[in-house]
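Count residues from 1 along the sequence.
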Amino acid sequence: MTDASDIRRKRLLFRSWHRGTKETDLLIGSFAEQHLAAFSEAELDGYEALLEQDDGDLFDWITGRVPPPRECDGDILRRMREFRYTARPA
């Protein structure tokens, strides 16, 4: 990884943990901790685009409450829907 790539991943991780609602922070932040390091640049682009979406919409898409719009329904969102949150040790 390059320094620019490392910085980008750290920024995305921070954004993932600071969404605005605790539920979304836990779900997306935990997903990011487990997956961001292995993402390619193209996958990071897709993930970053999802983070631009409204917090409530993103939570609803991930939990299956509402189907996502076609432009957001890709591999990254599929992985987020398959992800299972587990609490971090205290």
Which heavy atom of [X] sits nearest a heavy atom of [Y], and at what distance?
X: C72; Y: Q53; answer: SG-CD, 3.9 Å
X: W61; Y: P69; answer: CZ2-CD, 3.2 Å
X: R19; Y: L51; answer: NH1-O, 2.7 Å
X: A32; Y: Y47; answer: CB-OH, 3.5 Å

Can you check whether [X] reaches [Y] side chain to side chain, under 4.5 Å on heavy atoms?
X: L12; Y: F39; answer: no
X: I62; Y: L77; answer: yes
X: H35; Y: M80; answer: no
X: F59; Y: I28; answer: no
X: R81; Y: P68; answer: yes
X: E41; Y: R8; answer: yes

Point-to-point distance, once rounded to the nearest 0.5 Å, from [atom1] of [X] to [atom2] of [Y]:
X: E23; Y: L27; atom1: CD; atom2: CG; value: 10.0 Å
X: D25; Y: S16; atom1: CG; atom2: OG; value: 9.5 Å
X: F31; Y: I76; atom1: CZ; atom2: CD1; value: 6.0 Å
X: L36; Y: S5; atom1: CG; atom2: OG; value: 10.0 Å

Residue R11 excluded, over 12 heavy atoms near CZ under 6.0 Å: no

SB check R78 D75 (cutoff 4.0 Å): yes

Under-4.0 Å salt bridge between R79 and E43: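 Between E43 and R79 there is a salt bridge, with a charged N closer than 4.0 Å to a carboxylate O.
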
CA sep, side-chain torsions, deciding dist, call: E48, R9, salt bridge (Lys or Arg N to Asp or Glu O under 4.0 Å): CA-CA 10 Å; E48 191 165 17; R9 281 181 170 78; over 6 Å; no

